[in-house]
Each structure stands twice: as structure tokens, then as C-alpha cells.
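Just dropping this structure here.
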Amino acid sequence: MDPIIAANWKMNKTVKEAVSFIKDFKELVKAITNVNIIICPSSTSLYPIHEELGDSNINLGAQNIYFEKEGAFTGELSPLMAKELCKYVIIGHSERRGIFNEDNSLINKKLTAALDNNLTPIFCIGESLEEKEAGKSKDVVKKQIKEGLKGIDTKKIIIAYEPIWAIGTGKTATPDIAQDMHSFIKEIVGNVPVLYGGSVKPENIVELIKEKDIDGALVGGASLDAKSFSEIVKGSMS
Ligand code: PEP
């Protein structure tokens, strides 16, 4: 399977900045056909980026959806709206869980809605520093999987293992730690693609991707710069 390298831009980039990134980035990766490249910008940039991408080798994803199709849900993005433009959607990111109080049951509804609308979810799981230090990493991840994936067809999902202590901190999990968790995840879920996320950079992608069960990366900070993100994409082919 080709590596999957996804950019999570979070709440960054205006439309102008997003389109300018895509113009540069398209050039930098135009020869690459054996990496599944996914960009997940803010909702306001989905349409202009969709138009700018045309039939390029880059896929588009949303950062979140609500589980209802339409109605009185101020501020939310419907799966119907997302699917007009995107193939992918990030669900259950630790910032959604932590800042916006999303629990496993809500995340399960969003995963169901994504699949019902032919969107491939990138389902994020991972433990906090406190849970890691208490030796509970695997228990936490197992619970997120069991509750989040209840009734879900796991053949159609991507999982991103993102230890919270490694997100935006510069502290990447060592390839060994990540590999151990990825193989644990596959023991529970089966053979799904499992991406690693948490301070991935051009300098560490090569070591991470060498691991048997690391199938790609979900990249935050280092995906905001076209050159740096293109180097991560290229590093994933080694
Ligand atoms: C993320 O938020 O999904 C992420 C992995 O962020 P960063 O790469 O900045 O640690």
C-alpha cells in the first residue's frame, strides 16, 4: 500500500494563504504518484482549494463534520457539504476531544455519518501525558477504539495514532514506541492503515516510515510550509 501523508492545518491560513500554498505545493509534488497526499484545510478554504487542485495527485479532507445532514446546528459542517468537495474527514482529533468535549459516543456518530456519506474518516486516537505516565496508554487507546468504532465497518477507515504528549510539542514518539502501539491497534482492529501523528518533520519521517506498521503520517505544524510538507511526502517514499 502507498504511504498516506495527511496535512492537518488546524485553524490556520486564510483563503489567500491556502491557495498560495497549494500553487507552490502542487509544483513540488507533481511527479509523485505513489503517495496518497491529503490536505485538510479550514472549511472556508475547502472550495477554493478544491478548484485549485483540479485533477492533481492531491486529495482533500475536512477537519471535522457534524453527524446530522442539515438543520439547526449553527456553526457545524454537514457530511453532505463535506462530501461535495472532499474524500476524507478527520474525526476525533485530540483538540476536538479536549477543547470541544467530544466523547467516544459523539465520535462514533460522526464516524457513522462519514461512512454513510462515502467520506473516508481519519479516526484519531491517542493518550495524554498523564495517562502515559500512569502506564495506561494501551487501555486508553483500546477504549477509544472499542467505543469509537462500535458498529463501524473498519475496512473503510484510516486510523491516526496521535499521542497527545507528542502533538505540537516537538517530542516525537520514538519509532519503537509508535510501532508497538500501531501493532497493538492492528491486533484489535485488523489490517487498517495506521498513521502516526505528533511532531512529524522532514527530519524524522524516514525513521518512522521504516517501521512495519506505520503506514503514513498526520502532520500538523510541519504541514503549514509547502517545502517542509513536500519533504515529508518525499521522505515517506524511502
Ligand atoms: C496534529 O495535530 O494532528 C499533529 C500531529 O500536530 P503536530 O504535527 O504539530 O504535532
Side-chain angles (χ1 to χ4, degrees), residues 3-13 17-18 21 25 35-43 45-46 59-65 77 86 88-102 107 110-111 114 120-129 131-132 137 140-141 144-145 148 157-175 177-179 181-182 185 192-209 211 213-236:
I4 302 166
I5 303 292
N8 173 16
W9 284 356
K10 313 190 185 193
M11 198 173 72
N12 291 293
K13 294 196 190 294
E17 289 164 347
F21 173 108
F25 182 69
V35 179
N36 180 356
I37 307 169
I38 306 167
I39 305 268
C40 305
S42 315
S43 297
S45 291
L46 286 172
N59 289 302
L60 193 52
Q63 292 179 15
N64 182 34
I65 48 165
L77 181 69
C86 303
Y88 297 89
V89 58
I90 299 173
I91 306 271
H93 191 276
S94 60
E95 287 149 19
R96 301 287 329 163
R97 291 175 187 265
I99 304 170
F100 302 101
N101 299 322
E102 293 196 5
I107 288 165
K110 291 186 175 197
L111 288 166
T120 299
I122 303 175
F123 169 47
C124 299
I125 53 178
E127 79 284 6
S128 66
L129 182 59
E131 290 160 342
K132 175 182 183 266
S137 303
V140 170
V141 162
Q144 289 171 335
I145 292 172
I157 65 165
I158 296 171
I159 292 183
Y161 169 58
E162 300 206 303
I164 299 169
W165 48 270
I167 296 182
T169 59
K171 288 186 201 149
T172 324
T174 60
I177 295 179
Q179 165 58 30
M181 188 60 93
H182 284 219
I185 292 166
V192 291
V194 183
L195 316 184
Y196 168 76
S199 298
V200 173
K201 306 184 237 349
E203 296 77 31
N204 57 26
I205 184 67
V206 176
E207 289 307 308
L208 287 162
I209 206 78
E211 296 293 338
D213 294 308
I214 299 184
D215 304 307
L218 180 57
V219 187
S223 73
L224 293 170
D225 176 75
K227 183 88 180 27
S228 144
F229 191 52
S230 73
E231 281 167 12
I232 293 174
V233 169
K234 287 171 191 162
S236 76

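Residues: numbered from 1 along the sequence shown. Whatever order the structure lists ligands and atoms in, that order sets their numbers, starting from 1. It should be emphasised that the depicted structure is a prediction, and the values quoted were computed from it without experimental measurement.
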Is the closest side-chain heavy-atom distance between R97 and Q144 below 4.5 Å?
yes

Any K201 heavy atom less than 4.0 Å from ligand 1
no

Kindly give the heavy-atom pair with the smallest separation between A7 and S223, and that separation in Å.
CB-CB, 3.4 Å

Going by distance only, is there an N or O of L218 that falls short of 3.5 Å from an N or O of ligand 1?
no

With heavy atoms under 4.0 Å as the rule, classify the contact between A222 and ligand 1 as side chain, backbone, both or neither.
neither

Near N8 (heavy-atom distance under 4.0 Å), the atoms of ligand 1 are 1 (C), 2 (O), 3 (O)

Near A166, which atoms of ligand 1 are under 4.0 Å from a heavy atom of that residue?
10 (O)

Distance filter under 4.0 Å to G221 heavy atoms, resulting ligand 1 atoms:
7 (P), 8 (O), 9 (O)

Under 4.0 Å to a heavy atom of G168 - the qualifying atoms of ligand 1, by number
7 (P), 9 (O), 10 (O)

Listed by chain and number, what are the ring pair (Phe, Tyr, Trp, His ring centres under 6.0 Å) partners of Y161, not counting sequence neighbours?
H182

Could you find the nearest protein heavy atom to atom 1 (C) of ligand 1 and give me its residue, atom name and distance?
H93 NE2, 3.3 Å

Do I37 and F25 have side-chain heavy atoms sitting under 4.5 Å apart?
yes

What one should report as the nearest heavy-atom pair of P202 and I232 is N-CG1, 3.5 Å

Proximal atoms of ligand 1 relative to I167 (non-hydrogen, under 4.0 Å)
1 (C), 2 (O), 4 (C), 6 (O), 10 (O)

Using 4.0 Å as the upper bound for N to carboxylate O, is an ion pair formed by K110 and E102?
yes

Specify the protein heavy atom at minimum distance from atom 5 (C) of ligand 1: its residue, its atom name, and the distance to 0.1 Å.
E162 OE2, 3.0 Å

Is C124 in contact with ligand 1, taking contact as a heavy-atom separation below 4.0 Å?
no

For A166 and T172, which heavy atoms make the closest approach, and how far apart are they?
CB-CA, 4.4 Å

If you take all heavy atoms of I38 and L60, which pair is closest and at what distance?
CG2-C, 4.3 Å

Nearest protein heavy-atom contact for atom 8 (O) of ligand 1: which residue, which atom, what distance?
G220 N, 2.8 Å

Numbered atoms and elements of ligand 1 in range of G198, under 4.0 angstrom, heavy atoms:
5 (C), 10 (O)

Who are the ring pair (Phe, Tyr, Trp, His ring centres under 6.0 Å) partners of W165, not counting sequence neighbours?
none

With heavy-atom distances below 4.0 Å as the criterion, list the atoms of ligand 1 near K10.
1 (C), 2 (O), 6 (O)

